[in-house]
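For reference, the structure is listed below as structure tokens.
Throughout, numbering of the chain's residues begins at 1 and tracks the sequence.
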Amino acid sequence: MKQRIIQMALVVNDYDEAIEFYTKKLQFELIEDTQLSETKRWVLVSPQNSNGFCLLLAKAANEEQMKAVGNQSGGRVFLFLNTDDFWRDYLYMKSVGVEFVREPVEEVYGTVAVFKDLYGNLWDLIEQT
């Protein structure tokens with residue numbers, strides 16, 4: 001059997017502001033933006049030159065989902081963005097206003113820093129050794 005995870009839903013407040021953040025500040029590609037109904041869209045973003053994994057930007061549809069926006073992992077690092085050039089991406093992200101909550105450190109597994117997305121979810125930016 002061969003299986004793989006291809007998408008993960010990330011609950012957001014607004015499709016367009018999320019697209020703006022991920023494509024401009026993180027330099028992700030907009031893979032798809034399809035209107036499904038009057039209020040629902042199918043929005044996929046992915047890091048450039050990725051292996052096919054996408055984030056599905058899912059607009060919160062009710063009060064319970066709204067509470068999860070920005071806290072989908074209970075305050076732990078939620079997602080991990082691997083890069084082939086940590087300092088290039090770190091400096092770019094800082095220059096466009098991405099907030100880093102833990103500055104870069106050299107760990108046994110690579111160089112890593114923690115940043116927030118536009119809603120407060122924590123991400124690792126990491127270049128593995």
Side-chain angles (χ1 to χ4, degrees):
M1 177 187 305
K2 182 177 181 181
Q3 298 178 330
R4 64 187 175 105
I5 296 173
I6 59 168
Q7 297 166 354
M8 185 184 87
L10 182 66
V11 183
V12 301
N13 284 332
D14 179 80
Y15 292 116
D16 293 322
E17 73 181 8
I19 291 169
E20 177 81 10
F21 177 84
Y22 285 99
T23 61
K24 302 293 189 234
K25 297 202 174 191
L26 299 189
Q27 298 184 303
F28 282 20
E29 295 179 71
L30 178 61
I31 304 300
E32 183 176 351
D33 185 356
T34 302
Q35 193 77 41
L36 299 177
S37 70
E38 198 170 302
T39 59
K40 188 174 182 179
R41 290 158 56 182
W42 186 261
V43 179
L44 297 173
V45 295
S46 180
Q48 294 181 25
N49 303 308
S50 183
N51 64 354
F53 180 82
C54 294
L55 288 177
L56 171 66
L57 304 179
K59 185 176 177 183
N62 58 43
E63 191 64 36
E64 186 176 341
Q65 292 175 13
M66 287 295 291
K67 290 177 186 176
V69 173
N71 193 28
Q72 290 187 209
S73 66
R76 292 192 56 119
V77 170
F78 181 50
L79 297 163
F80 301 80
L81 181 59
N82 190 52
T83 178
D84 64 345
D85 186 334
F86 177 89
W87 292 105
R88 174 199 64 213
D89 294 343
Y90 172 78
L91 293 172
Y92 173 79
M93 291 165 69
K94 292 274 287 189
S95 77
V96 295
V98 173
E99 180 185 354
F100 280 82
V101 296
R102 290 186 211 131
E103 292 303 312
V105 294
E106 297 290 332
E107 298 286 358
V108 295
Y109 52 83
T111 306
V112 63
V114 178
F115 68 92
K116 289 183 180 182
D117 69 13
L118 75 162
Y119 299 116
N121 292 301
L122 298 178
W123 289 64
D124 269 0
L125 175 64
I126 183 169
E127 180 179 1
Q128 296 174 312
T129 52

Rounded to the nearest 0.5 Å, what's the gap from [atom1] on [X] to [atom2] on [Y]? Could you check?
| X | Y | atom1 | atom2 | result |
| --- | --- | --- | --- | --- |
| T111 | D85 | OG1 | CG | 10.0 Å |
| L26 | D117 | CG | CG | 8.0 Å |
| L55 | L44 | CG | CG | 9.0 Å |
| K116 | F21 | NZ | CZ | 11.5 Å |
| E29 | N49 | CD | CG | 6.5 Å |
| T23 | I31 | OG1 | CD1 | 11.0 Å |

What pairs with [X] under side chain to side chain contact (heavy atoms under 4.5 Å, CB included), at least two apart in sequence or on another chain?
| X | answer |
| --- | --- |
| V96 | K25, Y92, V98 |
| S37 | T39, K40 |
| E103 | Y90, K94, F100 |

Is [Y] reachable from [X] through a run of I, L, V, M, F, W or Y residues, each pair having side-chain heavy atoms under 4.5 Å apart?
| X | Y | value |
| --- | --- | --- |
| L79 | V69 | yes |
| L125 | W87 | yes |
| F80 | V114 | yes |
| L81 | L91 | yes |
| M8 | L57 | yes |

| query | Which pairs, with at least one residue in residues 24-51 and sequence neighbours excluded, count as a ring-ring contact (aromatic ring centres under 6.0 Å, His included)? | reply |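 Every pair satisfying ring-ring contact (aromatic ring centres under 6.0 Å, His included) with a residue in residues 24-51: Y22-F28.
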
Quick one: does [X]'s side chain have a donor or acceptor within less than 3.5 Å of a partner on [Y]'s backbone?
| X | Y | value |
| --- | --- | --- |
| S50 | S46 | no |
| Q48 | Q27 | yes |
| N51 | F53 | yes |

| Has I5 got more than 12 heavy atoms of other residues, nucleotides or ligands less than 6.0 Å from its CD1? | no

| message | Through direct or indirect side-chain contacts below 4.5 angstrom among Ile, Leu, Val, Met, Phe, Trp and Tyr, which residues connect to Y109? | response | V105, V108, V112, I126

Where [X] and [Y] come nearest, the two heavy atoms and their spacing:
| X | Y | result |
| --- | --- | --- |
| A60 | V11 | CB-CG1, 3.7 Å |
| G75 | L122 | O-CD1, 3.3 Å |
| M1 | Q3 | SD-NE2, 3.0 Å |

| task | Report the C-alpha distance between L10 and N121 in whole Å, list the side-chain angles of each, state the deciding distance to 0.1 Å, and finish with yes or no for side-chain contact (heavy atoms from CB on, under 4.5 Å). | result | CA-CA 10 Å; L10 182 66; N121 292 301; 3.8 Å; yes

| request: Would you list the pairs meeting side chain to side chain donor-acceptor pair (under 3.5 Å) in which at least one residue belongs to residues 60-80, sequence neighbours left out? | output: none

| query | Which pairs, with at least one residue in residues 4-21 and sequence neighbours excluded, count as a side chain to side chain donor-acceptor pair (under 3.5 Å)? | reply |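 For residues 4-21: D16-R41, E17-Y119.
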
| Considering residues at least two apart in sequence or located in another chain, which fulfil the salt bridge (charged side-chain N to carboxylate O under 4.0 Å, His left out) criterion with R88? |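 With sequence neighbours excluded, R88 shows a salt bridge (charged side-chain N to carboxylate O under 4.0 Å, His left out) to D84, given in chain and number order.
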
| Side-chain donor-acceptor contact under 3.5 Å, E127 with T83 | no

| said: Run the side chain to side chain donor-acceptor pair (under 3.5 Å) test against E107 and tell me which residues pass, sequence neighbours left out. | reply: none

